[in-house]
Amino acid sequence: MKIDKIIHQATKNALAELYDLIPEDKQIQIQNTRKDQDGDITVVVFPFLRFSKKSPEETGKEIGNFILNKIEQVDSFDVVKGFLNLKIGNDYWLKNLISSYSDDNFGFISTNENSKTVMVEYSSPNTNKPLHLGHIRNNLLGFSISEILKANGNKVLKTNIVNDRGIHICKSMYAWQQWGKGKTPQNSGIKGDHLVGECYVEFDKKYKSEVEELIAKDYSKEEAENNAPSILAARELLRKWEANDDETVNLWKTMNQWVYTGFDETYKKLGVDFDKIYYESDTYLVGKEEVLRGLNEKIFYQRDDNSVWADLTNEGLDEKLLLRSDGTSVYMTQDIGTAKLRYKDFNIDKMVYVVGNEQNYHFQILSILLDKLGFEWGKDLYHFSYGMVELPSGKMKSREGKVVDADDLVEEMIQVARDMSEELGKLDSLTNDEAEDTFRMIALGALKYFMLKVDPRKNMMFNPEESIDFNGNTGPFIQYTYARIKSVLRKAGENNLEIDVNAKLESLSVKEKDLLKRIALFPGIVKEAGENYSPAVIANFCYDLVKEFNQFYHEHSILGEQNKDQLNFRLMLSATVAEVVKKGMNLLGIEMPERM
RNA sequence: GCCUCGAUAGCUCAGCUGGAUAGAGCAACUGCCUUCUAAGCAGUAGGUCAUGGGUUCGAAUCCCGUUCGGGGUACCA
């Protein structure tokens with residue numbers, strides 16, 4: 001049993017015996033003792049004073065003596081103000097380390113027949129432009145949260161809904177027809193998604209200038225925006241697409257394919273993947289059927305102009321459009337169809353949507369609509385709502401090309417890693433391929449850690465000039481510590497030093513014990529990350545752990561230690577730190593280099 | 001207007017299910033490589049936790065008000 005559980009129970013017993021108090025579990029507060037105090041586990045005694053009718057010091061001493069007598073792991077105690085600080089014996093900590101070291105699955109829960117199946121939707125790009133920094137946050141969060149849910153004993157299905165149809169794609173299509181000059185990824189050497197993205201930007205430029213011209217001709221802003229030739233042409237393409245016009249559908253297929261090939265490359269580079277990909281062009285009609293069924297069953301209503309609406313005023317919300325007056329579907333329609341298909345295709349216990357917080361309202365409504373349509377899982381949807389990535393210049397705008405491009409950013413970071421490694425004279429012993437692979441790991445480690453260490457719910461700032469950093473609280477710092485440990489372990493192996501799990505322990509220094517205590521927190525951290533959907537919890541834990549290891553590493557010699565038991569202990573301690581850090585970082589999708 | 005989220009060091013962020021003297025990193029300054037990898041370690045400096053009340057033995061953390069900011073409230077996605 002974990003020591004905090006043991007102390008919790010012992011405190012409960014003490015209260016019953018000493019003060020006839022049967023407390024609620026919440027009243028007993030067990031926490032790790034502060035660094036600056038002597039002790040390991042602390043019981044807060046303030047809440048018990050009105051029952052003991054004694055001073056905090058006296059109450060603490062009484063409870064402390066009781067626990068000291070009953071619990072063998074407790075060596076001594078100390079009462080400071082209202083805090084009862086208990087000192088746990090070295091034997092406990094050593095045993096704890098041995099079991100962590102020996103358990104390959106330490107900190108994780110294996111899946112079994114009772115495991116829930118969780119489907120996680122993430123990425124969900126539009127196919128009219130390449131991925132940018134905002135998508136990177138989404139992809140990294142989606143991948144990481146999937147890994148974290150797996151580590152918590154869930155079966156996880158990663159899914160992606162590709163928004164492959166709609167007016168935005170038609171804009172790129174029209175621009176390509178007009179100004180594309182027959183360019184293809186093959187004949188231009190431009191990555192497919194970027195080529196299509198260029199068309200989109202081109203469209204917006206033309207469109208804006210047309211609107212200005214019309215306004216100069218005394219059109220109102222709204223009239224101008226609705227009558228610019230390019231937007232009319234894009235709408236015509238959308239109409240033709242919905243009417244299954246051959247030429248239009250073929251162009252759509254071709255350009256989407258360019259984009260998919262480009263996305264695949266970016267996904268691969270980011271190290272994210274999917275178990276099942278849905279396409280909006282396949283799901284929107286299913287959604288439309290559901291909406292019409294809802295209309296039939298009087299769940300929704302139709303207005304005079306034929307548009308279909310859901311009245312959510314009873315829920316304290318507005319009325320929501322589900323089908324336009326021309327019968328075409330909107331975003332919500334599509335999401336209803338996709339949800340239905342997913343539950344038909346898989347036996348899903350829980351659905352998680354990794355989508356930005358700008359869509360909070362959308363998912364609140366989606367949940368209600370699915371529920372109204374009779375899908376019992378509707379109200380259980382979980383919208384994992386994350387904050388935006390902001391640039392020093394403000395919000396990113398794809399249309400204006402004002403974005404940090406995902407591919408460019410990754411390449412740039414790899415170059416920084418390369419330069420830095422050369423400057424530091426690292427990796428000279430590696431082959432070219434090995435070195436390149438390491439640069440890639442470091443660059444992605446930096447990027448991923450940077451994006452994942454902050455609370456997902458909050459907006460975050462990315463400054464291209466300053467955010468690319470490999471020192472301090474960064475991924476590379478954690479990778480570096482790991483590589484350092486690996487280096488020591490390699491040298492131990494060369495000297496035929498095997499780790500013996502039966503070894504004894506002479507003494508425990510402050511730093512050694514700090515590390516042991518930190519390691520022991522890992523299972524709870526994994527659980528917390530899962531419950532709160534927060535990769536940041538894992539990231540911060542990894543940082544704290546390696547920070548502590550580096551202090552230990554600086555103060556103690558591992559291989560130079562003369563005492564055999566102590567040397568063995570330090571090797572085991574280091575190996576465990578390496579394994580725990582690797583597991584933690586893997587939950588973030590970050591690879592760990594053996595050397596750097 | 002209404003709904004919703006946020007405000008912690010110069011900057012980027014932890015800490016928030018109430019506990020002891022609010023922590024990191026970056027930037028600035030100072031030490032430490034003949035010793036297991038200096039992408040490291042140690043130190044100096046930097047705070048009215050936006051603001052005013054309230055609850056409590058105890059509030060950055062919970063409640064209410066105010067200010068400022070983000071997002072939503074589209075026949076966009």
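In what follows, every heavy atom counts, from backbone to side chain, and hydrogens, waters and symmetry copies are set aside. Each chain gets a letter, A, B and so on, in the order its sequence line appears, and its residues count up from 1.
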### Sugar-phosphate only, base, or nothing, as touched by A/Val454 at under 4.0 Å among non-hydrogen atoms
sugar-phosphate
### Message
Please give the distance between the C1' atoms of B/rA7 and B/rA60 as a whole number of Å.
### Response
11 Å
### Query
How does RNA chain B look in dot-bracket notation if pairs are Watson-Crick or G-U with both distances under 3.5 Å, crossing ones as [ ], other-strand ones as |?
(((((((..((((.....[...)))).(((((.......))))).....(((((..]....))))))))))))....
### Task
Remember a base hit wins even if backbone is also touched, and classify A/Asn306 as base, sugar-phosphate or nothing at under 4.0 Å, heavy atoms.
nothing
### Message
I'd like the P distance from B/rU4 over to B/rA14, given in whole Å.
### Response
23 Å
### Query
Is the A/Trp241 ring parallel, tilted or perpendicular to the A/Tyr284 ring (thresholds 30°, 60°)?
tilted
### Query
Is any side-chain nitrogen or oxygen of A/Lys547 closer than 4.0 Å to OP1 or OP2 of B/rA14?
no
### Message
Just to be sure I understand the rule, does A/Lys395 reach a base, reach only the sugar-phosphate, or reach nothing, if contact means heavy atoms closer than 4.0 Å?
### Response
sugar-phosphate
### Task
Take the protein atom CD of A/Gln31 and the nucleotide atom P of B/rU17, then report the distance between them rounded to whole Å.
12 Å
### Message
On the side chain of A/Thr42, is there an atom forming a donor-acceptor pair with the base of B/rA20 - under 3.5 Å, no angle test?
### Response
yes
### Query
So what does A/Ile442 hit on the nucleic acid, given a heavy-atom distance under 4.0 Å: a base, only sugar-phosphate, or nothing?
base
### Message
Please determine whether side-chain hydrogen bond (donor to acceptor under 3.5 Å, both in side chains) holds for the pair A/Arg235 and A/Asn226, giving the CA-CA distance in whole Å, both sets of side-chain angles, and the decisive distance to 0.1 Å.
### Response
CA-CA 10 Å; A/Arg235 282 188 192 144; A/Asn226 282 315; 3.1 Å; yes
### Message
Can you work out whether A/Thr438 or A/Met388 has the more 5'-proximal nearest nucleotide on RNA chain B?
### Response
A/Thr438
### Task
Provide the distance between the two C1' atoms, one in B/rC62 and one in B/rG18, to the nearest whole Å.
7 Å
### Distance-only side-chain donor-acceptor flag, A/Glu319 / A/Tyr301, under 3.5 Å
yes
### Query
Which value, in whole Å, describes the distance between the P atoms of nucleotides B/rG23 and B/rU37?
33 Å
### Query
Within 45° of the axis and under 6.0 Å from the centre of the six-membered ring of A/Trp309, does NZ or CZ of A/Arg303 qualify?
yes
### Message
Let's go through A/Tyr200 and A/Asn126 carefully: what are the C-alpha distance in whole Å and the side-chain angles of both, what is the deciding distance for side-chain hydrogen bond (donor to acceptor under 3.5 Å, both in side chains) to 0.1 Å, and is it a yes or a no?
### Response
CA-CA 12 Å; A/Tyr200 189 63; A/Asn126 289 350; over 6 Å; no
### Query
Across the strands shown, which category fits A/Ser421 at heavy-atom distances under 4.0 angstrom: base, sugar-phosphate, nothing?
base
### Query
Could you give the CD1-to-C1' distance, from A/Ile525 to B/rA14, as a whole number of Å?
12 Å
#### Entry: Closest-nucleotide ordering on RNA chain B, the 5'-leading residue of A/Asn163 and A/Gln37
A/Gln37
### Task
For B/rG40 and B/rA22, measure between their P atoms and round to the nearest Å.
27 Å
### Among B/rU37, B/rA20, B/rU73, the nucleotide that comes nearest once only the side chain of A/Arg595 is considered
B/rU37
### Query
Quick one: is B/rG25 close enough that its OP1 or OP2 comes under 4.0 Å of any side-chain N or O from A/Lys453?
no
### Task
Check the pair A/Lys35 / A/Asp514 against side-chain contact (heavy atoms from CB on, under 4.5 Å), numbers first and verdict last.
CA-CA 9 Å; A/Lys35 274 280 181 58; A/Asp514 284 346; 3.4 Å; yes
### Query
Quick one: A/His362 NE2 to B/rG71 C1', roughly how many Å, whole number?
15 Å
### Query
Which part of the nucleic acid does A/Met596 contact within heavy-atom distance under 4.0 Å: base, sugar-phosphate only, or nothing?
base
### Query
Under 4.0 Å between a side-chain N/O of A/Asn540 and OP1 or OP2 of B/rC13, yes or no?
no
### Query
Do the non-hydrogen side-chain atoms of A/His362 and A/Asp335 ever get within less than 4.5 Å of each other?
yes
### Task
On the 0 to 90° scale, with breaks at 30° and 60°, tag the A/Phe363-A/Tyr353 ring pair as parallel, tilted or perpendicular.
tilted
### Message
Classify the ring geometry of A/His556 against A/Phe552: parallel below 30°, tilted from 30° to 60°, perpendicular beyond 60°.
### Response
tilted
### Task
Look at A/Gln551 and B/rA42 and indicate whether a side-chain polar atom (N or O) is within less than 4.0 Å of OP1 or OP2.
yes
### Message
Using modelled atom types and a 3.5 Å cut-off, is there a donor and acceptor pairing between side-chain atoms of A/Ser367 and backbone atoms of A/Gln364?
### Response
no
### Summary
Quick note, A/Gln29 side chain, CB onward, closest among B/rG72, B/rU37, B/rG19 is B/rG19
### Message
Would you say A/Ser487 places a side-chain N or O within less than 4.0 Å of OP1 or OP2 belonging to B/rU37?
### Response
yes
### Task
For the side chain of A/Lys491, starting at C-beta, report the closest nucleotide among B/rC36, B/rA20, B/rC41.
B/rC36
### Query
Which part of the nucleic acid does A/Phe477 contact within heavy-atom distance under 4.0 Å: base, sugar-phosphate only, or nothing?
sugar-phosphate
### Query
Any N or O donor-acceptor pair linking the side chain of A/Asn550 to the base of B/rA42 at under 3.5 Å?
no
### Task
Rounded off to whole Å, could you give me the CE-to-C1' distance for the A/Met460 and B/rC5 pair?
17 Å
### Message
By nearest atom, which of the nucleotides B/rC41, B/rG19, B/rU12 is closest to the A/Met461 side chain?
### Response
B/rU12
### Task
Please state the C1' separation for the pair B/rA74 and B/rC13 - nearest whole angstrom.
35 Å
### Cation over ring face, A/Arg137 and A/Tyr386, 6.0 Å, 45°
no
### Task
Quick one: classify the glycosidic conformation of B/rC33 as syn or anti, with syn meaning within 90° of 0.
syn
### Task
Would you classify A/Tyr361 as touching base, sugar-phosphate or nothing, given that sugar-phosphate means primed atoms plus P, OP1 and OP2, and contacts are heavy atoms under 4.0 Å?
sugar-phosphate
### Query
Does A/Lys87 come within less than 4.0 Å of A/Asp78, counting only side-chain N to carboxylate O?
no
### Query
Would one find a side-chain N or O of A/Lys458 under 4.0 angstrom from OP1 or OP2 of B/rC13?
no
### Query
So what does A/Asp455 touch, heavy atoms closer than 4.0 Å: a base, only the sugar-phosphate, or nothing?
sugar-phosphate
### Query
Would a line drawn from the ring center of A/Tyr122 to the ring center of A/Phe384 be shorter than 6.0 Å?
no
### Task
Specify the separation, in whole Å, of atom CD of A/Glu390 and atom C1' of B/rC11.
15 Å
### Query
Ring of A/Tyr543 versus six-membered ring of B/rA24: centres under 5.5 Å and planes under 30°?
no
#### Entry: Sorted by number, the residues of residues 478-485 of chain A with heavy-atom contact under 4.0 Å to RNA chain B
A/Tyr480, A/Ala483, A/Arg484
### Message
Give me the distance, rounded to whole Å, that separates B/rU8 from B/rC3 when you measure between the P atoms they each carry.
### Response
25 Å
### Query
If we take the C1' atom in both B/rA59 and B/rG54, what is their distance in whole Å?
11 Å
### Selected nucleotide, minimal atom distance to A/Asn473 side chain, candidates B/rG25, B/rG19, B/rA39
B/rG25
### Task
Start with the C-alpha gap between A/Thr33 and A/Asp40, add the side-chain angles, then the distance that decides, and say whether side-chain hydrogen bond (donor to acceptor under 3.5 Å, both in side chains) holds.
CA-CA 5 Å; A/Thr33 304; A/Asp40 300 312; over 6 Å; no
### Task
Determine the contact category for A/Pro56: base if any of its heavy atoms lies under 4.0 Å from a base atom, sugar-phosphate if only primed atoms, P, OP1 or OP2 are that close, otherwise nothing.
nothing
### Query
Base, sugar-phosphate, or nothing for A/Gln359, non-hydrogen atoms under 4.0 angstrom?
base
### Phosphate-side-chain proximity, A/Arg324 and B/rC76, N/O vs OP1/OP2 below 4.0 Å
yes
